[in-house]
2 protein chains.
Amino acid sequence: MIDQRAGIAALAAEMAAHGTERDAPVRAVMGLLGDRWTTLILLVLGTGEWRHADLKRVLAQLSAEQAISQRVLTLKLRTLERDGMVLRTVTGDVPPRVSYRLTGLGAGLLGEAQRLIGWIQDHSGAIHAARTNFDQRA
Amino acid sequence: MIDQRAGIAALAAEMAAHGTERDAPVRAVMGLLGDRWTTLILLVLGTGEWRHADLKRVLAQLSAEQAISQRVLTLKLRTLERDGMVLRTVTGDVPPRVSYRLTGLGAGLLGEAQRLIGWIQDHSGAIHAARTNFDQRA
DNA sequence: CCGCATCCTAGGCGATACTG
DNA sequence: CAGTATCGCCTAGGATGCGG
């Protein structure tokens, strides 16, 4: 190393919670925000209660790249439900009627995501400039 | 939908920057924080300037799961450099001597990551409880 | 309408061997 | 020491079809 090894011990504690094994949700939750759909789902659910098919539709129209598949939407919602971010309510058998909404915890996570999105947007000019500069040198 | 479609228009603008194509770094940067190594790299680089091999060593010892491969470390650093988060300095030819440190932008991103980590840790009890509850019902 | 099972593909990541 | 190239695995995620 060059000058550090000073703050490394301090990092160790922070890192202990960064693992993914068990009781260590940090990496798992960061992975949620980083994946293809979850942040988008949180943003939509932030507007109210949504049924599965409507959610699928609005996600498609918002992402504009490509629609989420039904399978993945179910998977993402399941994960969010398991982590206590989303509440799933069934009010019909055949045809099923299932709706999803954020829990308090989920609303908190949405707030964090929005804060992060805000920071990135505030610095998107600098990021874009760095990329342009880097790509020109290469 | 159930009651919404109210906030959807407002979401559209937020979403426009959420894409990944070009000039839309939101998804890309969220992906950075969500991936296997980048946040850890940012945390270590937050302590000072590091050479490639030392960085690899300390990451291995901090993650405790498995070491990062040299290839992936290079890839991650390259991406961070391209996005303006990390500065790469070469001071030797053979053997090469390359060191990495955060830029101001990178320090800012690290701050955001730490804020997010803090939130997750503050709520890890609730998350863990939700998981336990969910897994028992299943 | 919602979820599940199946199949398939693209990409992230690890391992190894090689150059300057 | 740092980087590249090649390989192979494994997971995220898309497409389709079925059943309640």
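Here is how names work: the chains are called A, B, and so on, in the same order as the sequence lines, proteins then strands, and each is numbered from 1.
At least one donor-acceptor pair under 3.5 Å links the side chain of B/Thr103 to the backbone N or O of B/Gly84. Side-chain N or O atoms of A/Trp37 include none that pairs as donor or acceptor with a backbone N or O of A/Val72 at under 3.5 Å. Under the 3.5 Å distance criterion, the side-chain polar atoms of A/His123 are matched with a main-chain donor or acceptor of A/Trp119.
Using a 4.0 Å cut-off between charged nitrogen and carboxylate oxygen, A/Arg57 and A/Asp54 count as a salt-bridge pair.
Listed by first and then second residue, the side-chain hydrogen bond (donor to acceptor under 3.5 Å, both in side chains) pairs involving residues 67-81 of chain B are B/Asp35-B/Lys76 (not counting sequence neighbours).
Once you apply a 4.0 Å limit to the heavy atoms of chain B, the touched nucleotides of DNA chain C run 5' to 3' over C/dC13 to C/dG20. A 4.0 Å heavy-atom criterion places the boundary nucleotides of DNA chain D facing chain B at D/dC1 to D/dT6, written 5' to 3'.
With sequence neighbours left out, A/Lys56 forms a salt bridge (charged side-chain N to carboxylate O under 4.0 Å, His left out) with no residue at all.
Within the 4.0 angstrom heavy-atom criterion, only backbone atoms of the sugar-phosphate kind lie near A/Gln66; the bases stay farther away.
Between the axis at the start and the axis at the end of the helix from C/dC1-D/dG20 to C/dG20-D/dC1 there is an angle of 30°, using five pairs per end and rounding to 10 degrees.
Of the residues in residues 75-92 of chain A, A/Lys76 come within less than 4.0 Å of DNA chain D through at least one heavy atom, sorted by number.
Between A/Pro25 and B/Arg131 the shortest side-chain heavy-atom distance falls below 4.5 Å. The shortest side-chain heavy-atom distance between B/Thr91 and B/Thr89 falls under the 4.5 Å cut-off. Proximity of B/Ile117 to B/Thr39: side-chain heavy atoms (C-beta onward) are separated by under 4.5 Å at one or more points.
At most 12 non-hydrogen atoms from other residues, nucleotides or ligands lie less than 6.0 angstrom from CZ of A/Arg101. Annotation for B/Asp93: atom CG does not count as buried by contact number, only 12 or fewer foreign heavy atoms lying within 6.0 Å.
Both A/Val90 and A/Met85 are members of a single hydrophobic cluster when ILVMFWY side chains are connected at heavy-atom separations under 4.5 Å.
Applying the side chain to side chain contact (heavy atoms under 4.5 Å, CB included) test between A/Leu110 and each of A/Ile41, A/Leu102, A/Leu105 identifies A/Leu102 as the sole match.
Heavy-atom nearest nucleotides on DNA chain D were determined for A/Asp93 and for A/Val72, and the one closer to the 5' end corresponds to A/Val72.
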